[in-house]
Amino acid sequence: MKKDLDRRRFLKIAGTSMGVGALYTVWPSLGRSAEAAELARRLGAKTGEKPTPFTFAQLSDAHVGFDGPIGTRALERAVATINGLPRRPDLVLFTGDLTHDTEKPGEHAARMSLFREISGRLQVAKVYHVPGEHDAGLDGGELFRSVFGPTSYSFDHRGVHFIALDNVSRAKPEVGAEQRAWLAKDLSRFHATTPIVVFTHRPLFDLRPDWEWFTSDGDEVMNLLAPYENVTVLYGHIHREDHHTIGHAQHFAARSLCFAFPDPDKFEDKKAIPFDKDQPFKNLGLRVIDRTAGSAAETVRVQDVELAMSELSGTEGFDQLLKPATF
Amino acid sequence: MTRQSTFRVAAAGLALVASLLAVASPPARAQDEPRVIVITAKRFEFSPNQITLAKGETVKLQIKSEDVTHGLFVRPLGIDAEIAPGRVTELTLTPETAGTYRAICDHFCGAGHGGMKMTIVVRE
Ligand SMILES: [Cu+2]
């Protein structure tokens, strides 16, 4: 009955908000059926590692040091929320603007230390970072690299290939030819069906160029990724949730942990949404996805964590199909 | 995503990206030297912060920075220039579509960078 298999549903990355961040689950959505096991085996044979279910979280735009009413409370809350999840995510990805820039001598490093102190409380196996322009725009990424290492890199986790891209430390919104050459080489060893998660700070497409919501060579980057059928791009920078499908790729933005920007389709000027002291975490967030590993159910279950905050933030869930394509 | 340029831009200086050069118009002849508009960039403003051009008019923008490197970026007009201090960055352009365009500094330049912008009005 192989013909009846809905291969498009073989793998999923799904997400939903939980009030202070984003949690994603990667899982074979056909569950434990024999067909799913066979598809997973074949995908594993092509890609080197069989995808197995896991969750990871995305946090973004904490802007530690920014002179605003929320301070580091949303970041601290995000960390506590993740630590309180019944199933802890394997990974946490920070998509930039960990700190807010300052030119006061020593102050930026102090902000980076404070960020590390708070994020260091995360009880997860691995935390990864990319810089935002507020971390790396003034010094070309020097401080970031001294704390976290390279600004772009890749790694594999349970059958998913993760790629950290730096589109800020050249000061302009661009990835640059050198990094694109590295990316092309990095990708070359993977089969077209490999699930790929790219995480970066700025959108890799023209979301709102006159608000600096773009990457000038984003098209070139996405062209390199075009042969791959299961591409998810996670980014920050825009301080609001967003989902765009462009070609094969799904682009998701996480909310900020500092302040929120409004809908770019409804506003001419980029001005932060005013702080509401009665709902301090409104519009900030973590996006959380939860799916029980191996479950046969097809629908995304919204994580029941921080429900009150989810209600406040009014977030809806989303999900994404990772197409298995040709076997 | 298309990156259609509604300006023909002739580029001078190292700051321009290749995509601009690809749509470069032939150099203006001596008898119709374009109007020159001087723009100064400094943290965190352009001055003047608004310029008005006529559709179809070829103008030359001469942009200089008084402090650090800034950018001048307008996607719909195909402008993407890097304004380094110590030299004049020159852009020659002929707007083909009337409208009001927001130009931003897209080279991160410090605390007020996010608000560093100017308006380019193109009259019918
Ligand atoms: Cu600037």
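Here is the naming used below: chain letters follow the sequence lines, and residue numbers restart at 1 for every chain.
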Using a 6.0 Å cut-off, check whether atom CG of A:Asp269 has over 12 heavy atoms from anything other than its own residue.
yes
Please identify each residue that fulfils side chain to side chain donor-acceptor pair (under 3.5 Å) with B:Glu66, with sequence neighbours left out.
none
Ring geometry between B:Phe108 and A:His134 (parallel below 30°, tilted from 30 to 60°, perpendicular above 60°):
perpendicular
For B:Gly110 and A:Leu138, the nearest pair of non-hydrogen atoms, with its separation, is N-CD2, 3.8 Å
A quick test of your reading: do over 12 heavy atoms of other residues, nucleotides or ligands sit less than 6.0 Å from CD of A:Glu142?
no
Closest approach of B:His107 to A:Ala171 (non-hydrogen atoms, all atoms of both residues)
NE2-CB, 3.2 Å
Interatomic spacing from CH2 in A:Trp213 to CD1 in B:Ile104 - rounded to 0.5 Å
11.5 Å
Do B:Lys117 and A:Asp210 touch side chain to side chain, with heavy atoms closer than 4.5 Å?
no
Any B:Arg75 side-chain heavy atom under 4.5 Å of A:Asp206 side chain:
yes
Pairing of A:Glu103 and B:Arg43 as salt bridge, 4.0 angstrom limit
yes
Answer key: most heavy-atom pairs under 4.5 Å with chain B among A:Lys270, A:Glu212, A:Lys271 is A:Glu212
Qualifying residues under salt bridge (charged side-chain N to carboxylate O under 4.0 Å, His left out), relative to A:Glu268, sequence neighbours excluded:
A:Arg208, B:Arg102
Measuring from atom CD of A:Glu174 to atom CG of B:Asp106, what distance do you get when rounded to the nearest 0.5 angstrom?
8.5 Å
If I compare all heavy atoms of A:Asp101 with all of B:Ala111, which pair ends up nearest, and what's the gap?
OD2-N, 3.7 Å
